[in-house]
Each structure stands twice: as C-alpha cells, then as structure tokens.
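Taking it in order: structure first as structure tokens, then the write-up.
These numbers come from the heavy atoms of this one structure, side chains and all, not from hydrogens, waters or symmetry mates. A note on names: the letters A, B, ... follow the listed sequences, proteins ahead of strands, and every chain is numbered from 1.
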Protein chains: 2
Amino acid sequence: MDFKEAKNKFVQTWGALGSQWGINKTMAQIHALLMVSNEPVSMEDIMEELQISRGNASMNLRGLMDWGIVYKEFKAGERKEFFTAEKDLDELAVKISRERSKREIKPTLKILKEVSTIEASDLAEEKHFVDQTSKLYDFVLKADNMLDKMTEFNDNWLGKLFMKMMK
Amino acid sequence: MDFKEAKNKFVQTWGALGSQWGINKTMAQIHALLMVSNEPVSMEDIMEELQISRGNASMNLRGLMDWGIVYKEFKAGERKEFFTAEKDLDELAVKISRERSKREIKPTLKILKEVSTIEASDLAEEKHFVDQTSKLYDFVLKADNMLDKMTEFNDNWLGKLFMKMMK
DNA sequence: AATAAGTTTCAATTATTTTTGAAAGTTTAA
DNA sequence: TTAAACTTTCAAAAATAATTGAAACTTATT
C-alpha cells in the first residue's frame with residue numbers, strides 16, 4: 001500500500017466511523033484529512049481531494065470549528081484561508097467530550113430530572129417509572145461528572161487514568 | 001406533568017439521543033419503552049404505543065436483541081412473545097461498550113494499523129502521516145483497553161472507578 | 001393435516017439528511 | 001469606490017436511511 005492509498009483509506013475509514021457515531025460523514029472526512037496533513041490546507045484543496053462542493057466544504061468546516069477541533073489559519077501574503085486540525089489527541093478527546101456533554105448530555109439530564117420527579121400514584125407501573133428514570137438520572141450524571149474529571153487531568157489524561165486503574 | 005406525559009417525554013428524549021449517537025430513533029424509543037415498563041411488553045403493545053408498523057417493530061426488536069440489551073420472554077399459556085429490557089444500568093453500559101468495541105473500534109484499529117505501517121518516503125508529508133496515524137492507533141487502542149478494564153469491574157464499575165479517581 | 005396465531009422478510013414507499021450550486025455577502029487591494 | 005478574490009448562505013435536488021405492509025414463513029392447536 002502506498003501513501004496515497006493509505007491516506008485515502010484512512011479518510012474513508014474515519015468518515016465511516018463518524019457516521020456510526022452520529023457525525024456527518026463529510027465532516028469526519030475533512031477532519032481526517034486535516035489531521036494527517038502536515039501543513040494548513042485550503043478549501044480548494046479539500047474540495048478537490050474529497051470531490052465535494054464549495055458549499056459542503058464551507059458548512060462542514062464551520063461545523064468543525066464550532067466543535068473547536070479545526071482552526072482557521074492565514075498565510076502571509078495569501079488572501080485565502082487555510083485550515084488545520086487539532087493534532088493533539090488528548091486535547092481532541094477533551095474537546096469532543098466537553099462539546100457532547102454540553103450539547104447532548106446536559107439537556108438530557110435536565111429532562112431526566114423532570115420526568116423522574118413527577119408525583120407517582122401507587123400503581124406499580126408508575127412507581128417503576130420513577131424508580132428507573134431516577135436511577136438513569138444518577139447514572140448519567142455520574143458518568144458525565146467522571147468524563148469531566150478525567151479530562152481535567154488535561155495532559156495525557158488517558159495515560160494517567162490508566163495508571164490509576166492499574167493500582 | 002402526569003405519568004403519561006412523562007413517559008412520552010422520556011421515550012421521545014431517549015429516541016432523539018439515540019439519533020445523535022448513530023442509533024435508529026425507533027430502536028432507541030423501543031428500548032426506552034421497555035426500560036420503564038415493569039412487566040414484559042408484547043409487540044402489539046409496542047406498535048400501538050409508538051404508532052409503528054409490525055415490520056418496523058420486529059426488525060428493531062431483533063436489533064436490540066443483537067445488542068444483547070433486550071430479551072424475549074414467554075408467558076405461561078400465551079402464544080405470543082413478550083419483551084423486556086436489561087434494566088441494570090451497569091450491565092447495560094457494559095453490553096453497549098463491548099458491542100461497539102467489537103463492531104466499530106476493533107475494525108477501525110485493524111485499518112489504523114495497516115495505514116500506519118506503510119513504508120514512508122522521506123517526504124515530510126508522508127512522515128507526518130505515519131506519525132499521526134501511529135499515535136491515533138496507540139490512543140484508540142489504549143482507550144479501547146481501558147473501556148474493557150473498566151467494565152471488568154462488572155458490578156458498579158462506574159462507582160468503583162469514581163472512587164479510584166478520587167484517590 | 002389443516003387451520004389459526006403469530007413472526008419475519010424485503011421490495012416499494014416515505015421521511016430525513018446531506019449535498020449542490022449559484023446568488024448574496026465580505027474583505028482586500030489598487 | 002470599484003473590482004477582484006474569496007466565503008457564506010440556503011432553496012432545491014440528490015442521496016441515504018427508515019418504514020410500511022403484505023406475502024412467506026414458523027409454530028402450536030384441534
């Protein structure tokens with residue numbers, strides 16, 4: 001397998017993985033492309049490499065910047081914009097965790113709290129509902145807090161956590 | 001908010017969360033419904049409550065059973081099948097983790113290994129590719145191993161992990 | 001062994017999500 | 001201040017994913 005094939009395979013794989021985790025395939029592919037590029041890439045180049053339209057490239061780059069994992073760069077003497085990805089994997093994971101927590105987990109927790117605190121009648125059905133959703137609330141809250149704690153180790157948190165677990 | 005509203009809100013919310021994480025909305029809704037039901041539910045009832053077709057119900061129940069988080073039950077004297085969800089949240093999380101690892105992480109690791117072990121020329125571009133994909137391989141492998149270790153604590157792993165982290 | 005009760009399958013349809021492309025918008029430089 | 005270079009926006013189109021429903025299949029009962 002030569003470089004070109006390998007790069008393509010990586011981009012396709014990352015795109016497919018993204019899809020499976022609820023991330024638009026093109027967004028994941030752009031991210032993959034930038035991750036393995038040693039220097040900033042222009043929108044033109046992204047369009048060319050992935051064979052996508054300008055609008056698609058623009059919107060997905062905006063999305064990646066909103067996640068805080070892709071940055072705009074300006075090259076001296078060049079009018080157009082270039083893009084780079086966060087390449088530090090600890091940092092990447094922290095940012096994705098934080099963002100998913102903010103966008104998805106926190107709002108879900110709010111609703112879990114609402115539904116788990118209704119006044120249940122003495123029907124077994126209703127008691128079970130309150131009991132189960134309360135447990136779910138506790139579980140999700142604990143998991144969310146833990147993710148926060150983990151990523152607070154910041155530098156090499158995965159490695160540090162691994163150490164702690166081994167003890 | 002009364003019980004019926006709360007239950008509906010929970011089912012909708014769980015469905016929406018599923019979508020965001022790459023799980024078919026109906027599948028997540030069926031799972032939600034079963035999680036908060038204190039007794040086994042028939043396919044008829046699922047169809048009725050979620051207003052979906054028989055085919056849809058059948059396929060998504062099969063999917064949930066493949067994940068190992070929903071079980072078929074038989075009631076004495078009844079011909080038809082009933083379904084229940086895994087209600088223990090530790091167990092639920094373990095099963096989901098294991099399955100996602102098997103279906104998605106492991107195959108990705110295989111490809112990361114392939115692409116990160118190509119013979120790079122001395123071009124900075126190619127060197128960076130090999131370097132970055134190698135790091136990614138290491139990171140994903142470590143994360144996958146850790147998930148495995150975590151869930152090996154089995155009972156109350158989330159709580160136990162939390163303890164360890166605090167020390 | 002025929003019928004009834006129930007479940008699964010899958011081609012066709014419907015719904016949802018993504019992508020395109022061209023017009024509108026913005027910024028820089030002459 | 002105008003024009004060129006480049007980016008963003010968004011309605012329409014295309015692609016993808018989910019859903020339906022009826023026929024085929026399976027299992028239990030008489």
**d(CE, A:Met43; C1', C:dG21) in whole Å** = 12 Å

**Complete:** The nucleotide from D:dG21, C:dT19, D:dT7 with an atom nearest the side chain of A:Glu81 is D:dT7

**Message:** With a 4.0 Å limit, can you tell me whether A:Asn24 has a side-chain N or O closer than that to the phosphate oxygens OP1/OP2 of C:dT19?
**Reply:** yes

**Fill in**
Judged by nearest nucleotide, the residue sitting upstream toward the 5' end of DNA chain C, A:Gly55 or A:Ile23, is A:Ile23

**Prompt:** Can you check whether B:Ser58 has a side-chain N or O nearer than 4.0 Å to OP1 or OP2 of C:dT9?
**Reply:** no

**Asked** How close or far is atom P of C:dA29 from atom CD of A:Glu78, stated in whole angstroms?
**Response** 12 Å

**Request:** Please test B:Glu152 against B:Trp157 for side-chain hydrogen bond (donor to acceptor under 3.5 Å, both in side chains), starting from the C-alpha separation and ending with a verdict.
**Result:** CA-CA 8 Å; B:Glu152 258 170 29; B:Trp157 60 267; over 6 Å; no

**Prompt:** To the nearest angstrom, how far is B:Lys72 atom NZ from C:dT7 atom C1'?
**Reply:** 8 Å

**Prompt:** Between A:Lys80 and D:dA4, is there a side-chain N or O to OP1/OP2 distance below 4.0 Å?
**Reply:** no

**Prompt:** With distance as the sole criterion, is a donor-acceptor pair present between the side chains of B:Thr26 and B:Asn60 under 3.5 Å?
**Reply:** no

**Fill in**
Terminal axes of the helix from C:dA1-D:dT30 to C:dA30-D:dT1 (5 end pairs apiece), angle rounded to 10 degrees, sit apart by 10°

**Prompt:** Do any N or O atoms from the side chain of B:Ser97 and from the backbone of B:Ala93 form a donor-acceptor pair under 3.5 angstrom?
**Reply:** yes

**Asked** Closer than 4.0 Å, any side-chain N/O of B:Lys75 to the OP1 or OP2 of C:dG6?
**Response** no

**Prompt:** Side-chain donor or acceptor of B:Arg79 under 3.5 Å from a matching atom on the base of D:dT27?
**Reply:** yes

**Request:** Locate the shortest heavy-atom distance separating B:Ile69 from B:Leu92; write the atom from each residue and the value.
**Result:** CG2-CD1, 3.6 Å

**Request:** Mark yes or no for whether A:His128, through its side chain, and B:Val36, through its backbone, hold a donor-acceptor pair below 3.5 Å.
**Result:** yes

**Item:** Which residue lies more 5' along DNA chain D, comparing A:Arg62 with B:Ile52 via nearest heavy atoms
**Value:** A:Arg62

**Prompt:** What about the rings of A:Phe82 and A:Phe74, do their centers lie closer together than 6.0 Å?
**Reply:** no

**Complete:** Rounded to whole Å, the CG-P distance (A:Asp45 to D:dT7) equals 11 Å

**Message:** Can you identify which nucleotide, out of C:dC10, D:dC10, D:dT7, has its nearest atom closest to the B:Met59 side chain?
**Reply:** C:dC10

**Message:** Please find the pair of heavy atoms, one from B:Lys7 and one from B:Glu49, that lie closest to each other, and give the distance.
**Reply:** NZ-OE2, 3.2 Å

**Fill in**
Between A:Glu44 and A:Asn56, whichever has its closest DNA chain D nucleotide further toward 5' is A:Glu44

